Engineer: 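My structure is below; once you've seen it, I'll send some questions.
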Amino acid sequence: MTKTTSQASDFSCPAVEGHYPDPEACNIYHQCAGGVAHATTCQPGLAWNVVINMCDWEANVDCDINRSVTGELLRQAIKYFRNGADKPF
């Protein structure tokens, strides 16, 4: 069995806490804790799925969505989910 690997990264956390897709590699995500990012690689055959916030089968992941989840869009999504799914941005 292959373990998921994690290492400190130079990714700039958009928020102090959370999981964020890597802008270059669909199978890598960054876990931000206390504003410090740690790059994590999903196990073989899996990629980061921003919709469910976890590694998922590659066939279920649209990497274009991962690449577009940056900047203002990401901040709006975080605000939306923190406020509850029934409240608009």
Side-chain angles (χ1 to χ4, degrees):
M1 177 176 229
T2 306
K3 289 185 173 182
T4 302
T5 59
S6 177
Q7 62 186 22
S9 72
D10 60 1
F11 179 81
S12 180
C13 293
V16 176
E17 304 289 332
H19 298 91
Y20 306 97
D22 186 87
E24 303 293 325
C26 200
N27 67 328
I28 296 174
Y29 67 95
H30 300 272
Q31 178 180 5
C32 295
V36 177
H38 295 274
T40 302
T41 303
C42 296
Q43 294 181 7
L46 303 178
W48 183 250
N49 187 330
V50 297
V51 175
I52 61 172
N53 202 37
M54 62 188 297
C55 294
D56 193 5
W57 297 112
E58 290 174 338
N60 295 338
V61 177
D62 183 342
C63 293
D64 289 334
I65 292 174
N66 284 7
R67 284 188 280 277
S68 69
V69 178
T70 57
E72 186 58 30
L73 176 60
L74 182 56
R75 284 189 288 281
Q76 288 178 3
I78 291 167
K79 182 178 177 184
Y80 176 76
F81 286 109
R82 284 189 180 153
N83 289 331
D86 60 332
K87 297 179 183 176
F89 290 35

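A quick note: this is a predicted structure, and the numbers were derived from the prediction, not measured. Sequence positions, counted from 1, serve as the residue numbers for this chain.
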Engineer: So which heavy atom on Asp56 is nearest to which on Val61, and how close?
Structural biologist: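 The answer is CB-CG2, 4.0 Å.
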
Engineer: Measuring from atom CG of Asp22 to atom OG1 of Thr40, what distance do you get when rounded to the nearest 0.5 angstrom?
Structural biologist: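 If I round to the nearest 0.5 Å, the distance is 10.5 Å.
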
Engineer: Short question: side chain of Gln31, backbone of Ala39 - any donor-acceptor pair under 3.5 Å?
Structural biologist: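 Looks like no, no N/O pair under 3.5 Å.
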
Engineer: In this structure, would Tyr29 and Ile65 fall into the same cluster of hydrophobic residues linked by side-chain contacts under 4.5 Å?
Structural biologist: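 In one cluster with Tyr29: Ile65, yes.
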
Engineer: Can you tell me how far the SG atom of Cys26 sits from the CG atom of Asp62, to the nearest 0.5 Å?
Structural biologist: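 The CG atom of Asp62 is 8.0 Å from SG of Cys26, to the nearest 0.5 Å.
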
Engineer: If you group Ile, Leu, Val, Met, Phe, Trp and Tyr by side-chain heavy-atom gaps below 4.5 Å, do Trp48 and Trp57 land in one group?
Structural biologist: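 No, Trp48 and Trp57 fall in different hydrophobic clusters.
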
Engineer: Looking only at heavy atoms, which two atoms of Ala47 and Cys42 are closest? And how far apart?
Structural biologist: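 Ala47 and Cys42 have their closest heavy atoms at C-SG, 3.8 Å.
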
Engineer: Provide the closest heavy-atom pair for Cys32 versus Ala15 in the form atom of the first, atom of the second, distance.
Structural biologist: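 Closest heavy-atom pair between Cys32 and Ala15: CB-O, 3.9 Å.
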
